[in-house]
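Both backbone and side-chain heavy atoms feed into the values below; hydrogens, waters and symmetry mates do not.
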Amino acid sequence: MSRLAQTHGLTDVQREILSTVRDFVDKEIIPVATELEHRDEYPQQIVDGLKELGLFGLMIPEEYGGLGESLLTYALCVEEIARGWMSVSGIINTHFIVAYMLKQHGTQEQKDHFLPRMAAGDIRGAFSMSEPALGSDVSAISSKAVKDGDAYVLNGQKMWLTNGGTSSLVAVLVRSDEGHPEGTAPHKSMTTFLVEKEPGFGEVRPGLTIPGKIDKMGYKGVDTTELLMDGLRIPADRVLGGVTGRGFYQMMDGVEVGRVNVAARGCGVAQRAFELGVRYAQQRHTFGKQIAQHQAIQFKLAEMATKVEAAHAMMVNAARKKDSGERNDLEAGMAKYLASEYCKEVVEDAFRIHGGYGFSKEYEIERLYREAPMLLIGEGTAEIQKMIIGRRLLEEYRFQD
């Protein structure tokens, strides 16, 4: 284990899980990650290995066949996986958010139907909020569900689905005006639908099309897609929680724990960048000595390590806060904001330490340099995090004149 980013107070079970995951990352992910990423190839063998380890059910309760572990355990596992290849952690994350939303908000029938198969990894989850004409403004969603007998008909176009092709269950947020009079606040007229589909691309069920993968700068391997709904008919019993109008709150709850996950991914990528930088600094020689012996490089290493440690501490704090049952949107926003920004900076410093070789696809740091920017956007931009943090601080520190 590295000296950095240690977590105190873990149980023997947690330490054993993390040791197993780290060993899997070192043996099964790091040696093949860059090659698969350059080919933009889905890491099926790695995913099958994670399924065997039980990681798809890590936070699903034992009564549904999962391991029933905490958000902290999950976040620390994600940190390890992202250290190996961030795309793999994305495959796990979207599945985890849907499972979490089902556990927290699903009807008993929905939990019984989906969670056992999700815990086994036989059903893979994805979730969908964004659309082509909106980014952070979720209230501007235009995709719509209209009641038709004992079902709803969904129409619209969704964007940026991680696991869009490989998933078999998608939690989709759309506008549903049924039961909500004109003038209702936008966030009170949204509903989450549980949409089952066949994995793959093209028309995956009547009225639902998943086009091919979006070509991205980084975050390759994992499939990111659009989702097109044209007369998609969904039974009423597939409304998450059984009641319309609660979708916005359900999704925000999922995104809140997702922000802890993104912070964990930032920590993992930053750790790997530091490992690569400190190793290369001791291999490369200039002016008759290791570049690690130059003060300028030592300063960079010191700053990088401090950022890794600080981001990890904030991520752990946010996870523990949620596990305690307390509200953690402030801590999750801070952790996501800091970890993603520090990740970008640590990766760039490691890239600079590599000099010209960092620009070569033969070196792993080139891949990390393209992956880190996604964390600045996923689960809310830095600006969105600052808004959340600022509003919560004003709630906590309200001045009474």
Side-chain angles (χ1 to χ4, degrees), residues 1-33 43-97 99-100 103 115-122 124-125 257-258 260-272 274-275 305 308-309 311-325 328 332 335 339:
M1 300 289 287
S2 75
R3 170 66 179 82
L4 293 178
Q6 295 297 297
T7 309
H8 300 290
L10 298 180
T11 66
D12 290 341
V13 171
Q14 287 174 314
R15 284 193 288 268
E16 184 177 349
I17 290 173
L18 290 173
S19 176
T20 300
V21 172
R22 188 178 184 91
D23 186 60
F24 180 85
V25 168
D26 287 340
K27 292 180 179 178
E28 306 296 334
I29 298 182
I30 289 177
V32 300
Q44 187 61 58
Q45 188 171 340
I46 292 173
V47 171
D48 290 342
L50 294 176
K51 179 180 175 181
E52 290 180 15
L53 291 178
L55 290 191
F56 282 98
L58 191 60
M59 278 190 68
I60 295 175
E62 293 180 3
E63 62 188 285
Y64 299 108
L67 298 179
E69 272 295 331
S70 64
L71 177 60
L72 175 62
T73 306
Y74 175 78
L76 294 174
C77 287
V78 166
E79 183 179 40
E80 293 292 350
I81 294 169
R83 175 181 154 268
W85 185 11
M86 193 182 75
S87 293
V88 178
S89 66
I91 293 170
I92 294 285
N93 181 44
T94 51
H95 174 89
F96 151 72
I97 290 178
Y100 174 83
K103 182 184 74 169
L115 288 181
R117 288 183 290 164
M118 293 187 80
D122 296 331
R124 305 280 171 77
V257 293
V260 176
N261 174 286
V262 173
R265 283 198 257 178
C267 292
V269 174
Q271 283 185 50
R272 185 58 181 167
F274 174 79
E275 291 172 4
V308 167
E309 195 79 345
H312 175 83
M314 291 199 75
M315 178 271 292
V316 169
N317 179 57
R320 282 183 162 148
K321 189 89 169 181
K322 188 72 171 180
D323 285 332
S324 73
N328 86 325

Quiz item: What pair of heavy atoms forms the shortest contact from Gly84 to Ala33, and how long is it?
Solution: O-CB, 3.7 Å

Exercise. Taking all non-hydrogen atoms of both residues into account, name the closest pair between Thr7 and Leu10 and its distance.
Key: O-CG, 3.6 Å

Exercise. Please name the pair of heavy atoms, one in Ile91 and one in Pro43, separated by the smallest distance, quoted to 0.1 Å.
Key: CD1-CG, 3.9 Å

Quiz prompt | Point-to-point distance, once rounded to the nearest 0.5 Å, from CE of Met315 to CZ of Arg320 | solution = 10.0 Å

Quiz item: Hey, is the main chain of Met59 close enough, under 3.5 Å, to the side chain of Glu69 for a donor-acceptor pair?
Solution: no

Quiz prompt | Atom pair NZ (Lys27) and CZ (Arg22), whose distance is rounded to the nearest 0.5 Å | solution = 13.0 Å

Quiz item: So how far is it from Glu80 CD to Asp23 CG, rounded to the nearest 0.5 Å?
Solution: 10.5 Å

Exercise. State, to 0.1 Å, how close Ala305 and Phe274 come at their nearest heavy-atom pair, and which atoms those are.
Key: CB-CE1, 3.8 Å

Quiz item: Heavy atoms, side chains only, cut-off 4.5 Å: are Asp122 and Phe56 in contact?
Solution: no

Practice problem: Please assess Asp12 against Arg15 for the test salt bridge (Lys or Arg N to Asp or Glu O under 4.0 Å), listing each intermediate value before the final yes or no. | Solution: CA-CA 5 Å; Asp12 290 341; Arg15 284 193 288 268; 2.4 Å; yes

Quiz prompt | Closest non-hydrogen atom pair between Val78 and Ala264, with its separation | solution = CG1-CB, 3.9 Å

Quiz item: Just by modelled atom types, is the Leu72 backbone N or O under 3.5 Å from a matching donor or acceptor in the Asp323 side chain?
Solution: yes

Practice problem: Scan Ile92, Val260, Leu67 and name whichever one has a side-chain contact (heavy atoms from CB on, under 4.5 Å) with Tyr74. | Solution: Ile92

Exercise. Using a 4.5 Å cut-off on heavy atoms from C-beta on, say whether the side chain of Ile30 contacts that of Arg272.
Key: yes

Quiz prompt | Distance in Å, Leu71 CG paired with Lys321 NZ, rounded so as to fall on 0.5 Å steps | solution = 14.0 Å

Practice problem: Heavy atoms only: give me the nearest Val25-Pro31 pair and the separation to one decimal. | Solution: O-CD, 4.2 Å

Exercise. Let me see the working for Tyr64 and Met118 under side chain to side chain contact (heavy atoms under 4.5 Å, CB included), right down to the final yes or no.
Key: CA-CA 9 Å; Tyr64 299 108; Met118 293 187 80; over 6 Å; no

Exercise. Give a yes or no on this: more than 12 heavy atoms of other residues, nucleotides or ligands lie within 6.0 Å of atom CD of Glu16.
Key: no

Quiz item: Ignoring hydrogens and geometry, is there a side-chain-to-backbone donor-acceptor pair from His312 to Cys267 under 3.5 Å?
Solution: no

Practice problem: Using a 4.5 Å cut-off on heavy atoms from C-beta on, say whether the side chain of Lys322 contacts that of Val257. | Solution: yes

Quiz item: Side-chain contact, heavy-atom cut-off 4.5 Å: Leu58 with Leu53?
Solution: no

Quiz prompt | Pairwise distance CD(Glu79) to OG(Ser89) - rounded to 0.5 angstrom | solution = 11.0 Å

Exercise. Would you check if Gln44 and Asp48 make a side-chain contact, meaning some heavy-atom pair closer than 4.5 Å?
Key: yes

Quiz prompt | Straight-line distance of Asn261 CG to Thr94 OG1, nearest 0.5 Å | solution = 9.0 Å

